[in-house]
There are 2 protein chains.
Amino acid sequence: MPRTATDAETRIASDDHAAIRLWLRMLATNRLIETRMRRLLQERYETTLPRFDLMAQLERVPGGLKMGELSRRMMVTGGNVTGITDMLEQEGLVERVDDPDDRRAWLVKLTPAGRRAFVGMAREHERWIVEALGALGAREMSVMAGFLGRLKTRARSLEGRDT
Amino acid sequence: MPRTATDAETRIASDDHAAIRLWLRMLATNRLIETRMRRLLQERYETTLPRFDLMAQLERVPGGLKMGELSRRMMVTGGNVTGITDMLEQEGLVERVDDPDDRRAWLVKLTPAGRRAFVGMAREHERWIVEALGALGAREMSVMAGFLGRLKTRARSLEGRDT
DNA sequence: GGTAATTACTTGACATGTCAATAATATAGC
DNA sequence: GCTATATTATTGACATGTCAAGTAATTACC
């Protein structure tokens, strides 16, 4: 029995493709960091990652965003955005305002309380991320960002046609 | 307004830390590829990513794995493993067998039908991954795997102490 | 060997995610 | 302007994920 940690990457035989190993490592790394962020957000602010994400999207757009815009930016379905917005609205952190240009649509905005709550969280969240990614230097981060950019482009183009 | 696609990475001001930008890009890339895999698994095999993951863990261990082992390897909670195993058991793809060494525990194994189903899926899944990660060459994959390895190690050590 | 602490799993409550169906409104085309 | 189509958001059904509490069995310890 190896003594190394046993996780999602485990048990990949050496003849498996390098791409598979890389993908599993991406999954495991993301999950580790994401789980940590969830836990910290819960412990320190009694909130969750999706709520934080939604507020982060709104924070830079004082005029608010339509549900569909939120959905696209958060890369989740509209139904999901409806649910999270409902929660945040109940908590008084965001508000739905009628879109004057489209009576089907809402503009979702941070309330003053929401903005106050967000800025504190965001500062600390940034520290957590800097800490978590601190294993890489600036140059390495830049190289990795380049790789990821190419993977993103590829993934998008794959969704275009249907292979 | 830039003409680039609007997604989870959007609207990060240039003064934000490189680590944040990298993290958001990791999230977006993972989500894009993962969503594609979910869709393909659903379309071609009427199954889901967590079911596939659980079966993948079992495939290399003919003797089966305990629920707790599955939980650790899949990096999800035990309650979650119970639910997914229930589904797969109903579908006849895995079975719970009494662990002869521990009467509290189960050994979860692929049924013959489960193994048959898995090998077909796995082959195609590997093609999908190779295709999705094809934007990177072998050397680049190896560099990226190294970066991710360091991020994983860091994340684990952060969970050790409590910063 | 008997009790206390730990471990393995299940359960129930709930948040988050998907999808498909629906209602309301906008838009395009004639 | 009317109609057909597309877009915006909500809803409900369901899968997946968390956590905390509960049960049963094992292990540690005196």
Side-chain angles (χ1 to χ4, degrees), chain A residues 8 27 30-32 34-43 45-55 64-91 93-108, chain B residues 8 27 30-32 34-43 45-55 64-91 93-108:
Chain A
L27 282 178
N30 255 68
R31 168 148 260 161
L32 270 172
E34 209 171 314
T35 299
R36 178 173 170 79
M37 294 307 135
R38 284 180 203 282
R39 184 175 57 72
L40 290 168
L41 279 173
Q42 187 59 242
E43 284 176 7
Y45 295 105
E46 315 239 316
T47 192
T48 65
L49 198 46
R51 283 166 163 88
F52 178 83
D53 280 349
L54 195 153
M55 294 175 75
L65 288 170
K66 299 203 289 184
M67 306 293 284
E69 263 296 302
L70 278 169
S71 166
R72 194 153 0 100
R73 293 180 186 223
M74 296 173 69
M75 303 174 82
V76 296
T77 57
N80 191 3
V81 170
T82 296
I84 298 171
T85 302
D86 288 349
M87 298 289 189
L88 288 171
E89 198 173 25
Q90 279 185 332
E91 296 166 17
L93 299 172
V94 306
E95 54 182 349
R96 282 178 167 93
V97 179
D98 287 316
D99 181 343
D101 299 332
D102 188 338
R103 280 161 55 209
R104 294 167 304 180
W106 301 107
L107 288 174
V108 186
Chain B
L27 283 178
N30 255 67
R31 167 147 259 161
L32 270 172
E34 209 170 314
T35 298
R36 177 172 171 79
M37 293 307 134
R38 283 181 203 284
R39 184 175 58 71
L40 289 169
L41 279 174
Q42 188 59 241
E43 285 177 6
Y45 295 104
E46 315 238 315
T47 192
T48 65
L49 198 45
R51 283 165 163 87
F52 178 83
D53 280 348
L54 195 153
M55 294 175 76
L65 288 169
K66 300 203 290 183
M67 306 290 286
E69 263 295 300
L70 279 169
S71 167
R72 195 154 359 100
R73 293 181 186 221
M74 297 173 68
M75 304 175 82
V76 296
T77 57
N80 191 4
V81 171
T82 296
I84 298 171
T85 302
D86 288 348
M87 298 288 189
L88 288 172
E89 200 173 24
Q90 278 185 333
E91 296 166 18
L93 299 172
V94 307
E95 55 181 349
R96 281 177 168 93
V97 179
D98 287 316
D99 181 343
D101 299 332
D102 188 339
R103 281 161 54 209
R104 296 168 304 180
W106 300 107
L107 288 174
V108 186

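So you know, we letter chains A, B, ... as the sequences are listed, proteins then strands, and number each from 1.
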N/O (side chain, B/Arg72) to phosphate O (OP1/OP2, C/dA8) under 4.0 Å: no
Close N/O contacts between protein and nucleotides 1-7 of chain C (under 3.5 Å):
{"residue": "C/dT7", "atom": "O2", "partner": "B/Arg104", "partner atom": "NH1", "Å": "2.3"}

Flag side-chain contact, heavy atom, 4.5 Å: B/Arg103 against B/Asp98: no
B/Thr77 side-chain N/O to D/dT18 phosphate OP1/OP2 under 4.0 Å: yes
Step-by-step salt bridge (charged side-chain N to carboxylate O under 4.0 Å, His left out) determination, B/Glu69 to B/Lys66: CA-CA 5 Å; B/Glu69 263 295 300; B/Lys66 300 203 290 183; over 6 Å; no
Length of the line joining B/Glu91:CD and D/dT16:C1', which is rounded to integer Å: 14 Å
Check: B/Ser71 side chain, B/Val76 main-chain N or O, donor-acceptor pair, under 3.5 Å: yes
A/Arg96 vs A/Asp86 side-chain heavy atoms within contact, under 4.5 Å: yes
C/dT16 phosphate, OP1 or OP2, under 4.0 Å from A/Arg51 side-chain N/O: yes
For atom CE of B/Met74 and atom C1' of D/dT18, their distance in whole Å: 14 Å
Side-chain N or O of A/Thr48 closer than 4.0 Å to phosphate OP1/OP2 of C/dT16: yes
Upstream residue (5' side of DNA chain D) when A/Met67 and A/Arg31 are each assigned their closest nucleotide: A/Met67
Along DNA chain C (nearest heavy atom to each residue), the more 5'-positioned of A/Met87 and A/Asp101: A/Met87
Residue-phosphate contact under 4.0 Å: B/Arg38 side-chain N/O, C/dG17 OP1/OP2: no
Main-chain N/O of A/Asp101 paired with A/Asp99 side-chain donor or acceptor, under 3.5 Å: yes
Separation of D/dC19 C1' from A/Glu43 CD (nearest whole Å): 13 Å
Separation of atom CZ in A/Arg103 from atom C1' in C/dA23, rounded to whole Å: 14 Å
Integer-rounded Å distance: D/dG17 P and A/Leu27 CG: 11 Å
Atom-to-atom span, CG of B/Leu41 to C1' of C/dT18 - whole angstrom: 14 Å
Interatomic distance, A/Asp99 CG vs C/dA26 C1' [rounded to whole Å]: 12 Å
Inter-axis angle, terminal five-pair segments of the helix from C/dG1-D/dC30 to C/dC30-D/dG1 [nearest 10°]: 30°
A/Thr85 (side chain) donor-acceptor with A/Val81 (main chain) under 3.5 angstrom: yes
Flag side-chain contact, heavy atom, 4.5 Å: B/Ile84 against B/Asn80: yes
Rounded distance in Å - CZ (A/Arg36) to C1' (D/dT18): 18 Å
Shortest non-hydrogen separation from B/Arg51 to B/Thr47 and the atoms involved: CD-OG1, 3.4 Å
Close side-chain approach of A/Val108 to A/Leu65, heavy-atom, < 4.5 Å: no
Check: B/Arg38 and B/Thr48 side chains under 4.5 Å, non-hydrogen atoms: no
Contacting residues from residues 78-86 of chain A, given that a heavy atom lies under 4.0 angstrom of DNA chain D: A/Gly78, A/Gly79, A/Thr82
Sub-4.5 Å side-chain heavy-atom contact between B/Glu91 and B/Leu88: yes
Evaluation steps, side chain to side chain contact (heavy atoms under 4.5 Å, CB included), between A/Glu34 and B/Leu27: CA-CA 9 Å; A/Glu34 209 171 314; B/Leu27 283 178; 3.4 Å; yes
Residue met sooner reading DNA chain C from 5', once B/Arg96 and A/Val76 are mapped to nucleotides: B/Arg96
